[in-house]
Number of protein chains: 2
Amino acid sequence: MSHIPPEERRARIAEEVRRQGAATIDALAGRFGVTEQTIRRDVNALCDAGLLRRRHGGVELPVQRENLPYESRQVLHQAEKQAIARAVAGLVPDGASVALSIGTTPELIARALVEHRDLKIYTNNLNVALALCANPGFEVTLPGGRVRNRYRDLVGAAQTRFFAGYNVDFGIFGVGGIDDDGELLDFAEEEVEARQAILANCRRALLVADHTKFGRNAVVRGGHLAEVDVLVTDRAPPPAMAARLDAAGVTVHLAPREALS
Amino acid sequence: MSHIPPEERRARIAEEVRRQGAATIDALAGRFGVTEQTIRRDVNALCDAGLLRRRHGGVELPVQRENLPYESRQVLHQAEKQAIARAVAGLVPDGASVALSIGTTPELIARALVEHRDLKIYTNNLNVALALCANPGFEVTLPGGRVRNRYRDLVGAAQTRFFAGYNVDFGIFGVGGIDDDGELLDFAEEEVEARQAILANCRRALLVADHTKFGRNAVVRGGHLAEVDVLVTDRAPPPAMAARLDAAGVTVHLAPREALS
DNA sequence: GTTCGTTTTGTTCATTCGAACATTTCCAGG
DNA sequence: CCTGGAAATGTTCGAATGAACAAAACGAAC
């Protein structure tokens, strides 16, 4: 068992509970070789994040609820993504019109934007729409289409038409990976389409990507770093990429990581 | 303070917590003049229903989460609505195509349908879409449009076109009220439109309405009881209405109320 | 390697928790 | 007016909880 870093232990606890449906504090403490109090801290953090639910003596899955589709979601690097989200929220002024695309980072950005005023939101990400319609002053618009159950987003040809119908102040999108040449990569054709559509119909294009995306490969090519206006990330990009960014006049925002609990 | 029936006390606890943001068990016990243990029982039931979240020593709002828009939602009659939802779920076979409309009852129906297999869902209710895309075997399709933040649904002219594009096995919709003549009533023009569109494009039209809808007035008229195929409710309708239903050949399903906790 | 500040983990203890059982209240049916 | 069963509430008590503080591990700068 040895020393597992705390973040990973939490991810593993979440995984364990999802697989088993529930677990006691005692059992988890034994399983990971730490004190019950430590497990309690982990478990409470996970509950605060909405991933698990507390039971006296243990934790369980937030039954039925809409968390099942998150099964595949990474809890890892959540702190970095949250830092990026905060930074992006700082760049968007009240009253702006914003297009937000699919992905976990845009979702966190949405949550960070919810305290703004009078935003106009265009998104094909249901999680984003949900988070933002909590603010009564926001105007949230969705394209129609088939829902990708796993990700709770909408993809397909209609998306391109949808985003082409508006010219927004900010286009915000994530990416599957950025290779060393600065090519933007995704895992599916349809993901690329929506991204391209947003990129083409906004006054400022913000790309959000945590450091794990640098040099990471994915199958579908779509667009290039040079086309975006701002890159928001959590660590300085590798030198080669930094040079390209500089040459293309892309502003790079480094988001300082903060404590989350 | 006197004797408050338990169901109402729970509704009031929920209301209290929503207004204050949080409350201690101790305070609630004093506020309602009952033991802490009783409050614990109430509070745990509300948490199981996903309306509140537990804190050591008290309860709080499920922060940020998508529950804020429920502010205005009735917790009252939830047991009845849930009974109706179970009954409807029993009427829908695996593999069916289903159109579900806006409202809290359709939302509960969606949750009751989530264990089915291979359903095709068409809905303008985001809560319904969310609940049902948790099942990987379902095909969920949404119309596009502006989100009504308060209700998390989509309304407007595009809805009519959307539902007209499919001919589904079951059309399921709620209603604002049913007057004594059997007229179906709603509170807004746009709510009626989607309902009419579903009614016109399904092989079997299911109307769901708890007993409080009988004889209740609302402003916008749209359709008549006689046009539906099945009415699912929790209590026998008043005699005059029953006669009309019988004359129109509408099947009436009475859903037996069960304990919820 | 050493130092210093931060993060993570362990320990203690007063408080809160819920299971189980006892009691009361409510409401039909006689 | 009683009576019996079910639902709601109160009571007790060992286990679980989190705040607070202490110890340890880690990381960066030197």
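Lettering follows sequence order; numbering is per chain, from 1.
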S.K.: Quick one: which of D:dA19, D:dT17, D:dT9 gets closest to the side chain of A:Q37?
M.R.: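 It is D:dA19.
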S.K.: Whole-Å distance between D:dA16 C1' and A:R54 CZ?
M.R.: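 It works out to 9 Å between those atoms.
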S.K.: Could you state the atom-to-atom distance from CD of A:E7 to P of C:dT8 in whole Å?
M.R.: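 A:E7 atom CD is separated from C:dT8 atom P by 9 Å.
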S.K.: Looking only at N and O atoms, is any donor in the side chain of A:R41 or the base of C:dG10 less than 3.5 Å from an acceptor on the other one?
M.R.: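 When only heavy-atom distances are counted, A:R41 does reach the base of C:dG10 through a donor-acceptor pair under 3.5 Å.
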S.K.: Apply side chain to side chain donor-acceptor pair (under 3.5 Å) to residues A:T212 and A:D210 and explain how you reach the verdict.
M.R.: CA-CA 6 Å; A:T212 65; A:D210 64 81; 2.4 Å; yes
S.K.: Could you give the CG-to-P distance, from A:N44 to D:dT17, as a whole number of Å?
M.R.: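 Answer to the nearest Å: 9 Å.
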S.K.: Rounded to the nearest Å, what distance is computed from the CD1 atom of residue A:I39 to the C1' atom of nucleotide D:dA16?
M.R.: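 After rounding, the gap between these two atoms is 15 Å.
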S.K.: For A:F32 and C:dG10, give me the distance from atom CZ to atom P, rounded to whole Å.
M.R.: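 About 13 Å, once rounded to whole Å.
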S.K.: More 5' along DNA chain D: B:H56 or B:D42, using each one's nearest nucleotide?
M.R.: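 That would be B:D42.
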S.K.: A:E36 CD to C:dT11 P: how many Å, rounded?
M.R.: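 Value for this atom pair: 11 Å.
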S.K.: Looking at C:dT11, C:dT9, C:dG18, which one has an atom nearest to any side-chain atom of B:R40?
M.R.: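 Closest of the options to the side chain of B:R40: C:dG18.
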S.K.: Please state whether the phosphate of C:dC17, meaning OP1 or OP2, lies under 4.0 angstrom from any side-chain nitrogen or oxygen of A:R55.
M.R.: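 A:R55 to C:dC17 OP1/OP2: no side-chain N or O under 4.0 Å.
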S.K.: Taking NZ, NE, NH1 and NH2 as the nitrogens, is one of them in B:R19 or B:E16 under 4.0 Å from a carboxylate oxygen of the other?
M.R.: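 Looking at B:R19 and B:E16, the cut-off is met.
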S.K.: Which of the following nucleotides, D:dG10, C:dG18, C:dT11, is nearest to the side chain of B:T38?
M.R.: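 Shortest atom-to-atom distance from the side chain points to D:dG10.
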S.K.: Provide, to the nearest angstrom, the distance between the CG atom belonging to B:L28 and the C1' atom belonging to C:dT16.
M.R.: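 Roughly 15 Å, once rounded to whole Å.
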S.K.: Send over the distance from B:R9 CZ to D:dT9 P, rounded to a whole Å.
M.R.: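 After rounding, the gap between these two atoms is 4 Å.
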